[in-house]
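Hydrogens, waters and symmetry mates play no part in the numbers below; they use all other heavy atoms, side chains included.
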Amino acid sequence: MRFFQRANLLGFFVWASVVLVFGQDPSEEDGEIPAPSRLQDVAVAFPADGGVIDVRDFGAVPDDDGDDTAAIQAALDAFPNGSRIVHLPAGTYLVSDTLRWPGGDGPGQAQKRTVLQGAGRGLTVLRVPESCIGFTDAGDPRAVVWTGDAPAQRFRNAVRDLTIEVGPRNPGAIGLQFNASNQGGIRNVEIRSLDASGRIGLDLGHCNEIGPLFVRNLRVEGFQTGIQTKWPVNSATFEHVELSGQRRIGWWNYHQMVFVRGLRSENRVPALYNEKDSWGSVTLLDATLIGAGSPRGTPAIHNQRQMVLSEVEIDGYPLGVVNDDKGREKTGPGSPSMIEEDSSHRNVASLFREVTEAGLDEAGPVVRQPVKETPEVPWGDPGKDWANVLAFGADPTGNEDSGPALQRAIDSGAPTVYLPAGVVFRFSSPVEIRGPTRRIVGLEGRFLSTGSTALWRVVDGRHPQGLPDAPVVIVERLGGTVGGSPLRIRHEGTRALVVSSTLGIDVEGAGKGDLFLEDFSGHLDRLSPGQSAWCRQINSDREGLKCRNEGGRLWVLGWRAERTGTLVETTAGGVTEVNGVFLYSNFGWNKNEPAFSVTDATLNLFGVNERNFNRRPVSLWVREQHGEEVRERKELPWIFLGGGEAPKPPKPPKPPKPPQAPADAGPEPEPEAKPTPPSGVATPDP
């Protein structure tokens with residue numbers, strides 16, 4: 001284990017018996033952790049004709065002493081599973097009971113396509129009063145907000161841009177019990193317990209079949225446990241998470257596959273516990289774990305299952321990482337340090353590095369791809385900067401093609417073009433995204449894509465009036481309907497394209513501009529040579545090839561795939577890096593089809609997971625080719641490192657030196673050119 005030294009376990013066992021059994025008093029109030037700069041800095045508002053549900057229309061009154069529970073619940077129930085945004089404008093709303101997602105006809109039709117949306121994390125607050133009946137019983141905990149149970153049908157659920165605040169003396173309070181499937185998540189949310197007495201901040205373990213989902217810009221302050229993740233399907237991806245002031249554990253994982261980038265924890269207790277006797281796995285990148293007055297023997301990370309760490313800084317904890325399972329120490333506890341690359345097990349595999357089962361420190365250098373943050377565009381004033389596609393002739397019945405109307409709205413020069421909720425728009429003709437339009441937003445609305453020409457193209461310099469192009473374009477909050485084809489977006493330009501919170505969209509890279517996909521249920525059909533893509537939480541579930549990287553640079557945080565077919569085919573010097581994979585192979589697997597294919601390119605995988613319950617798991621994980629040499633790996637690799645070179649042909653023998661020429665024989669002839677052996681291969685991309 002790289003960068004770790006062996007330490008005395010006595011202190012660790014003291015910590016385990018004191019903290020895990022009896023709990024621990026909260027530390028002194030932590031200093032405020034700065035909010036990520038990526039948060040929206042203006043109030044999130046919507047146009048009056050956008051189909052958004054305003055809780056004030058149902059009787060909720062912010063910033064008074066009245067109980068708003070019934071009014072907010074009535075707004076949630078107004079359009080069950082209706083792809084609607086329930087909006088809480090700025091202010092504080094008092095809540096005395098659980099807010100529940102609306103029901104439906106049968107388990108698979110309930111608690112889906114609902115978004116609870118605030119005006120901003122610092123602007124909208126759902127507050128549970130002090131000693132609130134219903135949240136005071138620690139033996140019968142309940143959630144302030146609950147978004148659904150199993151099965152995995154909770155499509156497009158989200159909680160956004162708000163704070164959930166639990167007042168003092170509510171030990172039975174759970175801030176948020178969240179569930180979303182395939183596409184959905186939590187964005188720009190704070191969950192806090194004012195005296196740390198609550199049970200759990202974010203609970204992703206209240207039922208099975210949670211995820212895949214995406215959590216971004218989350219802060220949890222107080223509670224006994226900050227975040228809880230459980231159960232073996234369907235994985236969860238996190239980026240930019242802050243934890244502070246927990247009494248027992250910052251983050252408790254059992255059975256779940258979690259893929260995390262940008263965790264910051266300031267705690268007396270362990271920041272992360274990955275529990276034994278489970279399939280739980282953690283892929284953790286770019287983390288800072290600070291022990292604030294931690295007692296002797298407390299580790300920053302207690303890991304009893306699989307874990308891979310990259311760029312994890314630990315400071316102030318007596319111990320850094322303790323890896324143990326059933327009393328069998330695998331790699332030993334570590335002292336606090338900067339962990340550059342590490343894995344809990346000797347299970348790093350490679351085909352061309354001549355590595356079978358090794359530790360990261362034995363497998364050679366690990367070259368990580370640079371990561372770009374997803375760019376944001378200004379929200380703007382919905383009364384001035386937004387254009388309704390209906391005003392340009394879109395058909396609200398869904399019978400006629402709305403592509404020409406969308407084109408007219410884009411060409412109007414509006415910075416934001418929106419598709420209001422409550423309408424299914426049909427698209428069956430090409431559309432060019434050009435000019436000043438920087439956002440196309442569905443307001444959680446739905447579309448039906450039909451015909452082979454339903455294609456949106458992101459192009460440069462083609463606005464009919466010559467208006468300048470926006471440097472970044474975002475397409476977001478759209479979902480396809482059952483029975484339609486995927487809506488295709490082809491990126492042909494040089495500016496950045498973001499596709500976010502969408503279901504039923506496929507993307508093709510055909511230009512040079514950067515691509516950013518997040519909370520994305522669809523497929524990256526192609527990444528062109530020289531193009532780069534950064535993807536956070538991809539869900540791919542079609543049969544056959546799911547992604548082609550033809551010489552680009554692809555970075556992925558969290559990839560969940562279903563059904564047979566290669567996840568990514570990397571060729572022509574492409575570079576693919578995937579941090580966290582969950583392949584749900586319950587449809588079986590085609591015998592000779594690789595899960596990952598590499599030809600004269602590079603592939604690095606960190607944290608590969610499979611769940612299979614029909615005894616037909618993946619039978620071929622990686623097929624890698626360099627030059628004429630082809631090698632295969634059939635066994636599941638927890639970490640796979642590409643690279644190395646195919647064997648080079650032996651160099652021809654050097655020709656004998658020519659005899660020494662006489663002094664008057666003229667200049668010495670040039671030596672013959674030596675044949676150049678074939679060069680090796682390049683780097684990876686998911």
Step-by-step salt bridge (Lys or Arg N to Asp or Glu O under 4.0 Å) determination, Arg542 to Asp506: CA-CA 11 Å; Arg542 72 181 177 197; Asp506 291 347; 3.4 Å; yes

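- No donor-acceptor distance shorter than 3.5 angstrom exists from the side chain of Thr437 to the backbone of Thr416, with no hydrogens or angles considered.
- For the atom pair CD1 of Ile164 and OG of Ser193, the computed distance is 12.5 Å after rounding to the nearest 0.5 Å.
- Side-chain atoms of Arg426 do not come within 3.5 Å of backbone N or O of Leu448 as any donor-acceptor pair.
- The backbone N or O of Arg100 lies less than 3.5 Å from a partner atom in the side chain of Gln73, making a donor-acceptor pair.
- For the 3.5 Å distance criterion, the side chains of Thr237 and Gln537 qualify, holding a donor opposite an acceptor.
- Side chain to side chain, Glu221 and Ser244 fail the donor-acceptor criterion of an N or O pair below 3.5 Å.
- For the atom pair Arg536 CZ and Glu239 CD, the distance stands at 4.0 Å (nearest 0.5 Å).
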Candidate pair Thr98 and Val145, rule side-chain contact (heavy atoms from CB on, under 4.5 Å), full reasoning: CA-CA 6 Å; Thr98 301; Val145 178; over 6 Å; no

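- Using a distance-only test at 3.5 Å, with no hydrogens or angles considered, no donor-acceptor pair links the side chain of Arg156 to the main chain of Leu503.
- Pairing each heavy atom of Ala150 with each of Asn208, the nearest pair is CB-O, 3.4 Å.
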Between side-chain atoms of residues 464-478 and protein atoms elsewhere (two or more places apart, or another chain), which donor-acceptor pairs fall under 3.5 Å?
from	atom 1	to	atom 2	distance (Å)
Asp469	OD1	Gly435	N	2.8
Asp469	OD2	Gly461	N	2.6
Glu476	OE2	Arg439	NE	2.6
Arg477	NE	Glu444	OE2	2.7
Arg477	NH1	Gln117	OE1	3.2
Arg477	NH2	Gln117	OE1	3.0
Arg477	NH2	Glu444	OE2	3.3

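- A ring-ring contact (aromatic ring centres under 6.0 Å, His included) check over residues 456-496, counting only residues at least two apart or in different chains, returns the pairs Phe427-Trp456.
- Nearest heavy-atom pair across Ser528 and Gly511 is OG-O, 2.7 Å.
- For the 3.5 Å distance criterion, the side chains of Arg160 and Ser501 qualify, holding a donor opposite an acceptor.
- Using a 3.5 Å distance cut-off with no hydrogens or angles, the side chains of Tyr93 and Asp64 do not pair a donor with an acceptor.
- Every residue two or more places apart in sequence or in another chain that forms a side chain to side chain contact (heavy atoms under 4.5 Å, CB included) with Asn399 is listed here: Asp395, Thr397.
- Looking at Asn170 and Thr136, their side chains never bring a donor and an acceptor atom within 3.5 Å of each other.
- Checking side-chain atoms of Asn157 against main-chain N and O of Arg113 turns up a donor-acceptor pair under 3.5 Å.
- A distance of 10.5 Å separates CD1 in Ile191 from CG in Leu126, rounded to the nearest 0.5 Å.
- The shortest non-hydrogen separation linking Val159 to Thr147 is CG2-CG2, 4.4 Å.
- Within the 3.5 Å criterion, the main-chain N or O of Val61 finds a donor-acceptor partner in the side chain of Asp68.
- With ring centers used as reference points, Trp101 lies 6.0 Å or more from Phe178.
- A 6.0 Å sphere centred on CD of Glu432 holds more than 12 heavy atoms belonging to other residues, nucleotides or ligands.
- Pairs engaging residues 505-525 under the ring-ring contact (aromatic ring centres under 6.0 Å, His included) rule: Phe516-Trp534 [sequence neighbours left out].
- Between Arg490 and Leu455 there is a side-chain heavy-atom pair separated by less than 4.5 Å.
- Salt bridge absent: Arg560 and Asp541 never bring a charged side-chain N and a carboxylate O closer than 4.0 Å.
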Candidate pair Asp161 and Arg121, rule salt bridge (Lys or Arg N to Asp or Glu O under 4.0 Å), full reasoning: CA-CA 5 Å; Asp161 301 295; Arg121 192 167 80 168; over 6 Å; no

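- No side-chain donor-acceptor contact under 3.5 Å links Ser412 to the backbone of Ile410.
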Check against side-chain hydrogen bond (donor to acceptor under 3.5 Å, both in side chains), Ser429 and Asp401: CA-CA 7 Å; Ser429 62; Asp401 178 21; 2.5 Å; yes

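- Using modelled atom types, one finds no donor on one side chain facing an acceptor on the other under 3.5 Å when comparing Thr69 with Asp97.
- Using a 4.5 Å cut-off on side-chain heavy atoms (C-beta onward), Ile186 and Phe214 make no contact.
- Within the 3.5 Å criterion, the main-chain N or O of Gly184 finds a donor-acceptor partner in the side chain of Asp519.
- Of the inter-residue distances, the one linking Phe58 atom CZ with Leu76 atom CG reads 9.5 Å to the nearest 0.5 angstrom.
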Intermediate values then yes/no, side-chain contact (heavy atoms from CB on, under 4.5 Å), Asp514 and Arg495: CA-CA 7 Å; Asp514 291 342; Arg495 49 204 177 124; over 6 Å; no

Test log, rule side-chain contact (heavy atoms from CB on, under 4.5 Å), inputs Leu218 and Asn188: CA-CA 6 Å; Leu218 170 72; Asn188 305 337; over 6 Å; no

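- Side-chain contact between Arg264 and Leu243 is absent, with no heavy atoms from C-beta onward closer than 4.5 Å.
- Note on residues 78-91: no pairs pass side chain to side chain donor-acceptor pair (under 3.5 Å), not counting sequence neighbours.
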Chi angles and distances behind the salt bridge (Lys or Arg N to Asp or Glu O under 4.0 Å) call for Arg434, Asp460: CA-CA 6 Å; Arg434 57 200 183 191; Asp460 294 343; over 6 Å; no

Criterion salt bridge (Lys or Arg N to Asp or Glu O under 4.0 Å) on Glu242 and Arg219, from CA distance to verdict: CA-CA 5 Å; Glu242 303 170 32; Arg219 174 176 168 82; 3.4 Å; yes

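- Atoms CD and CZ, from Glu518 and Arg187 in turn, are 4.0 Å apart once rounded to the nearest 0.5 Å.
- Side chains of Thr225 and Gln228: a donor-acceptor N/O pair is absent below 3.5 angstrom, by distance only.
- Nearest heavy atom pair, residue Asn539 against residue Pro212, reads OD1-CG, 3.5 Å.
- For the pair Tyr418 and Leu443, the minimum side-chain heavy-atom distance is below 4.5 Å.
- Trp146 approaches Ala143 most closely through the heavy-atom pair CB-CB, 4.4 Å.
- Separation of atoms CG (Leu202) and CZ (Phe238) is listed at 6.0 Å; rounding is to 0.5 Å.
- Counting only distance, with no hydrogens or angles, the side chain of Glu492 and the backbone of Val459 share no donor-acceptor pair below 3.5 Å.
- Listed here is the closest heavy atom pair of Asp67 and Val95: OD1-CA, 4.3 Å.
- With sequence neighbours excluded, no residue forms a side chain to side chain donor-acceptor pair (under 3.5 Å) with Asn179.
- Counting heavy atoms from C-beta outward, Thr92 and Pro62 have side chains that stay 4.5 Å or more apart.
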